[in-house]
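What you see below is based on every heavy atom in this structure, not just the backbone, and it leaves out hydrogens, waters and symmetry mates.
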Amino acid sequence: MTLTPGLSMLALITDALSGRTRGAPEPWRRLVRSAAEIPDQMVLRSLATPGFSVLPDLVLPGEFTRDLDVPTQVEMLRDLPPDALLEELDTITDGRPPEHWHPALKDPDRWLHGYADLVEAAWAAMRPIWARARPLFEREVERVAVAAARRSLDVVLNDLHANCSFSDDTLSFPDFEPERFSIGSRGLVLMPMLAGPNALIARLDGPDAVWIGYPLPGTEMAEPGGKGRDDRLEILVGDVRSAILTSLERPLTMGALARRVKHAPNVVTYHCNWLEQAGLITRRRDGREIHVFRTPRASVLVDLYAAAG
């Protein structure tokens, strides 16, 4: 498992600047659009033309089996010879690159530098949010490591993405150009991304390993009732639970918390039961009083969505 923010930047670039919506919070999209200023449309069309999923490996330069920071990857992109893009596109498309890649083939140096500029700009905008989300990434690394140690990775794979399923040793997910691949003796590298819940990026035909980029658990944005989206914490946990979490900057008694969120004590108790089961609060009895504490995980979520707003 690796943490490679460059993959998240790719997902956010295609979400914010092109026609391939991945469900990222609108404030994140605005940050990326603002930072990118006037992006190279030739680069964007090659990355996210609807109906195609061709992406050369060099969109993620370096060894994807280890963590790589964005400045290093940007430098590597700018140092690549133009022929690297031509050769890779020729290989992955069997010499028949789709039409939306033809302009890049005519000017591969422009493409490499234009893409590097986009990744650098997106990272400059999103780096503070990535830093706030770091505890969630660390929690995910631990979750996957525990599952691997217990030989229960099937549970993780079945829950990578809303459109993924793992059954009978087969991982299935939708793709514009569906194919079947056998991992065989190759390794599997999981790469959580700070991206919208619809984001899923994979390389399944690599010679040494398969990698899959999937949304970081805990940052999903729901669409209640299928009626539009809102990018606030309330959409993730509900308005009452959001009010409880944001009120717990310091521990409060149950009575004080009920007064703060302006709901009846029994309503607050009901929602606190849910939040405690989700690992977002803890409760401790002190004599006749019950004190409510926000967990570190919940503090990360509150900070993350405060930054996105």
Side-chain angles (χ1 to χ4, degrees), residues 1-18 20 22-36 39 43-44 47-48 55-80 112-145 160-161 188-203 206 209-221 297 300-301 303-308:
M1 187 169 194
T2 61
L3 300 182
T4 305
L7 190 61
S8 297
M9 298 309 104
L10 170 61
L12 289 168
I13 286 167
T14 57
D15 191 317
L17 300 172
S18 69
R20 186 165 291 181
R22 302 178 188 272
E26 183 57 32
W28 297 2
R29 291 161 55 90
R30 286 197 300 267
L31 281 173
V32 173
R33 285 196 295 264
S34 176
V43 176
L44 292 178
L47 292 173
L55 285 176
D57 280 355
L58 52 71
V59 298
L60 195 64
E63 284 290 332
F64 59 83
T65 54
R66 62 184 180 89
D67 295 356
L68 281 176
D69 60 64
V70 171
T72 298
Q73 290 189 312
V74 167
E75 184 177 352
M76 293 172 71
L77 282 166
R78 290 178 175 145
D79 286 343
L80 283 171
L112 288 167
H113 283 80
Y115 179 60
D117 290 345
L118 281 174
V119 173
E120 187 174 49
W123 179 240
M126 292 297 298
R127 182 169 54 185
I129 294 177
W130 177 279
R132 288 184 176 92
R134 186 76 190 195
L136 294 181
F137 280 104
E138 293 171 353
R139 181 184 179 90
E140 177 65 0
V141 170
E142 181 181 1
R143 181 179 79 99
V144 173
L160 279 185
H161 188 275
L188 172 63
V189 180
L190 298 179
M191 306 171 75
M193 301 185 297
L194 189 65
N198 300 325
L200 188 71
I201 305 175
R203 170 70 192 273
V210 166
W211 59 259
I212 301 176
Y214 63 99
L216 174 66
T219 58
E220 305 90 341
M221 305 303 289
R297 180 188 178 197
V300 168
L301 286 174
D303 290 345
L304 187 62
Y305 287 111

So L44 and I13, side chain to side chain contact (heavy atoms under 4.5 Å, CB included) or not? Walk me through it.
CA-CA 8 Å; L44 292 178; I13 286 167; 3.9 Å; yes
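- By the salt bridge (charged side-chain N to carboxylate O under 4.0 Å, His left out) test, R33 is found to be paired with E26, residues two or more places apart in sequence or in another chain being considered.
- Under the 4.5 Å side-chain criterion, counting only non-hydrogen atoms from C-beta, L136 is in contact with R297.
- Residues M193 and R22 fail the side-chain proximity criterion, which asks for heavy atoms closer than 4.5 Å.
- A pairwise comparison of heavy atoms in G213 and L7 identifies CA-CD2, 3.7 Å as the closest pair.
- Rounding to the nearest 0.5 Å gives a distance of 9.0 Å between CG of L77 and CG of L60.
- Of all non-hydrogen atoms in A124 and P128, the two that sit nearest each other are O-CD, 4.2 Å.
- Going from atom CG of L12 over to atom CG of L31 covers 9.5 Å, rounded to the nearest 0.5 Å.
- Just one of D117, D79, L80 meets the side chain to side chain contact (heavy atoms under 4.5 Å, CB included) condition when paired with L112; it is L80.
- Considering every non-hydrogen atom in both P215 and A199, the closest pair reads CD-O, 3.2 Å.
- Annotation: the span from I129 atom CD1 to S8 atom OG amounts to 11.5 Å, rounded to 0.5 Å.
- In this structure, the side chain to side chain donor-acceptor pair (under 3.5 Å) partners of R143, at least two apart in sequence or on a different chain, are E140.
- A side-chain donor-acceptor contact under 3.5 Å links Y115 to the backbone of V59.
- The distance from the CG atom of L55 to the OG1 atom of T14 is 8.5 Å, given to the nearest 0.5 Å.
- Here CZ of R134 is found 11.0 Å from CG of L216. Values are rounded to the nearest 0.5 Å.
- V144 and Y214 get closest at one heavy-atom pair: CG2-OH, 4.1 Å.
- By the 4.5 Å heavy-atom criterion applied to side chains, L194 and F137 are counted as neighbours.
- R29 places a side-chain N or O within donor-acceptor distance of the main-chain N or O of D15, the cut-off being under 3.5 Å.
- Looking at heavy atoms from C-beta onward, Q73 lies out of side-chain contact with V119 at the 4.5 angstrom threshold.
- Residues L10 and L47 form a side-chain contact, since some pair of their non-hydrogen atoms from C-beta on lies under 4.5 Å apart.
- With a 4.5 Å cut-off on side-chain heavy atoms, V70 and M126 do not count as touching.
- Counting all heavy atoms, side chain and backbone alike, A122 lies closest to V32 at CB-CG1, 4.3 Å.
- Open room surrounds CD on E75; 12 or fewer heavy atoms of other groups in view lie less than 6.0 Å from it.
- Between I212 and H161, every side-chain heavy-atom pair lies at or beyond the 4.5 Å cut-off.
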One pair to check against side chain to side chain contact (heavy atoms under 4.5 Å, CB included): V74 and W123. What are the steps and the verdict?
CA-CA 10 Å; V74 167; W123 179 240; over 6 Å; no
